[in-house]
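Here the structure is a predicted model, which means the values were calculated and not measured.
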Amino acid sequence: MLGDKRAIAVFVGPALLVYTLVMIVPIVWSLGYTFFDGSVIGGFTYTGLDNYRQLLDDQAFWDSTWFTVKYGAAVTIGQVGFGLLLALLYTFYLKRASALVRTLAFFPVVLPTVAVAAMFTKLFAVAPQPGLVNSIASMLGLSGDRDWFADSGSAFIVLVLMDVWRSMGFYAVLLYAGLVDIPDDIVEGARLDGAQGWRLVRHIILPMLTPILLSSVIFSINGTLKVFDSIMALTGGGPGDTTSPLTLYMYKTAFSFGDYGYGSTIAMQLTLLSLLVTLMIFRYSRKDQNR
């Protein structure tokens, strides 16, 4: 059947058509917008490379880029790192009794982002009543009146905590599936040879889990670089624009200020950033495998 071109067209054609219409066409369309200035209502004017020149001198763009990279790195490390720890806990300690813990850890994944953001707003609230975090800080003799969302540093910490807590259960299940596929005789043989604890994980588990681990990192970093809903629901990019990623800056530029051309230029840079990071991860993984 694989040699039958008609059968290939029947099975692959519909999916390829949908992918082209949903992904490729919008990307090409957005690329075309980068050479124009204006909006759908006011009309468009060809400006050539002016949007790209403006981008180089736009400090808000560079601030948003730095925040996006910083946020993506922190959340990816947290999501995949804690997901791996949970997966190891499921496999080597809880074993068959892990079903309930897996369900509880996965539950935040299915919660609406707005609901999770509302919960974290209450947890870190300072007024009208102190939230749980400030209440615990007061009990410990620390400052219990800190406004976590008034400072860019603390707001960043809350954002990272929220997205790590919300998604680590998903990566735990993903990595758990990879751990289950590791043959038991290999693990038992390593234990008989004296590999225990960290040595077992470092020299046996992680190398055999590399494909799933790599997929998890790529999936996580691409999702966090394109984050929008979490930040929009929790901080709205504030205080000021200090927690505004490229997605939010692009959204405000295109839809709040009506500058579709410059907004599309920002979107293209985000696309290139995601592609560059993915290629860097693939290249590093290949070098590591060839050692």
Side-chain angles (χ1 to χ4, degrees), residues 2 11-12 15 19 23 69-111 113 116 160-227 229-230 273-291:
L2 293 178
F11 286 106
V12 179
Y19 181 81
M23 296 294 296
V69 173
K70 180 175 65 173
Y71 175 86
V75 175
T76 297
I77 292 172
Q79 288 178 344
V80 179
F82 281 105
L84 178 60
L85 291 177
L86 285 173
L88 293 172
L89 179 68
Y90 299 158
T91 306
F92 295 107
Y93 293 96
L94 299 178
K95 297 181 179 178
R96 294 183 179 180
S98 67
L100 177 61
V101 179
R102 274 184 284 147
T103 302
L104 293 175
F106 190 82
F107 180 69
V109 178
V110 301
L111 293 177
T113 302
V116 176
V160 171
L161 288 175
M162 184 183 77
D163 268 346
V164 169
W165 175 81
R166 190 166 66 103
S167 301
M168 65 182 184
F170 170 79
Y171 293 97
V173 171
L174 191 64
L175 294 168
Y176 174 72
L179 286 173
V180 170
D181 284 339
I182 297 177
D184 291 336
D185 55 344
I186 294 179
V187 176
E188 292 302 324
R191 283 175 171 166
L192 291 175
D193 290 337
Q196 298 289 337
W198 169 245
R199 291 182 61 191
L200 177 65
V201 173
R202 170 66 182 87
H203 297 287
I204 303 298
I205 302 300
L206 288 182
M208 300 195 70
L209 196 63
T210 297
I212 304 297
L213 199 58
L214 180 62
S215 299
S216 299
V217 170
I218 292 175
F219 194 80
S220 177
I221 193 67
N222 275 284
T224 52
L225 288 177
K226 295 178 286 189
V227 65
D229 55 347
S230 299
L273 177 62
S274 300
L275 180 61
L276 177 63
V277 171
T278 302
L279 291 176
M280 288 175 60
I281 294 173
F282 269 121
R283 186 171 183 180
Y284 175 79
S285 65
R286 287 181 179 179
K287 285 185 178 180
D288 191 57
Q289 291 174 358
N290 291 333
R291 290 177 182 175

Colleague: Give, for atom CG of L179 and atom CG of L175, the distance between the pair rounded to the nearest 0.5 Å.
Modeller: 6.5 Å

Colleague: For F170 and F219, work out which heavy atoms get closest and say how close.
Modeller: CE2-CE2, 3.7 Å

Colleague: Quick one: salt bridge (charged side-chain N to carboxylate O under 4.0 Å, His left out) partners of R166, sequence neighbours excluded?
Modeller: D163

Colleague: Can you list the residues that meet the ring-ring contact (aromatic ring centres under 6.0 Å, His included) rule with F92, with sequence neighbours excluded?
Modeller: none

Colleague: Kindly write out the residues that satisfy side-chain contact (heavy atoms from CB on, under 4.5 Å) with F107, not counting sequence neighbours, or none if the list is empty.
Modeller: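 Partners of F107 by the side-chain contact (heavy atoms from CB on, under 4.5 Å) criterion, ordered by chain and then number, come out as V110, L111.
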
Colleague: Do V69 and L273 pass the side-chain contact (heavy atoms from CB on, under 4.5 Å) test, and can you show the C-alpha distance, the side-chain angles, and the key distance before you say yes or no?
Modeller: CA-CA 9 Å; V69 173; L273 177 62; 4.2 Å; yes

Colleague: Check the pair L209 / L84 against side-chain contact (heavy atoms from CB on, under 4.5 Å), numbers first and verdict last.
Modeller: CA-CA 10 Å; L209 196 63; L84 178 60; 3.7 Å; yes

Colleague: Indicate every side-chain donor-acceptor pair of residues 197-208 with a distance under 3.5 Å to a residue at least two apart or in another chain.
Modeller:
none

Colleague: side-chain hydrogen bond (donor to acceptor under 3.5 Å, both in side chains): which pairs involve residues 80-93, sequence neighbours left out?
Modeller: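 For residues 80-93, and leaving out neighbouring residues, there are no side-chain hydrogen bond (donor to acceptor under 3.5 Å, both in side chains) pairs at all.
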
Colleague: Which heavy atom in L104 sits nearest to a heavy atom in P108, and how many Å separate them?
Modeller: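 So the two residues come closest at O-CD, 3.4 Å.
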
Colleague: Residues in side-chain contact (heavy atoms from CB on, under 4.5 Å) with T224, at least two apart?
Modeller: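 T224 satisfies side-chain contact (heavy atoms from CB on, under 4.5 Å) with Y71, V75, T76, Q79, S220, I221 only.
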
Colleague: For F82, enumerate each residue passing the ring-ring contact (aromatic ring centres under 6.0 Å, His included) test, keeping only those at least two apart in sequence or located in another chain.
Modeller: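 Expected list: none.
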
Colleague: For A172 and L86, which heavy atoms make the closest approach, and how far apart are they?
Modeller: CB-CB, 3.6 Å

Colleague: Quick one: closest heavy-atom pair of S216 and L174, and the distance?
Modeller: OG-CD2, 3.2 Å

Colleague: Give, for atom NZ of K226 and atom OG of S274, the distance between the pair rounded to the nearest 0.5 Å.
Modeller: 5.5 Å

Colleague: Quick one: pull up CG in L94 and CG in L89 and give me the separation to the nearest 0.5 Å.
Modeller: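 Interatomic distance, L94 CG to L89 CG, rounded to 0.5 Å: 4.0 Å.
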
Colleague: Any chance CG of D185 has more than 12 other-residue heavy atoms, nucleotides or ligands included, within less than 6.0 Å?
Modeller: yes

Colleague: Does anything in residues 171-181 form a side-chain hydrogen bond (donor to acceptor under 3.5 Å, both in side chains)? List the pairs, not counting sequence neighbours.
Modeller: none

Colleague: Who passes side-chain contact (heavy atoms from CB on, under 4.5 Å) against S215, sequence neighbours left out?
Modeller: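 Checked S215 against side-chain contact (heavy atoms from CB on, under 4.5 Å); zero matches.
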
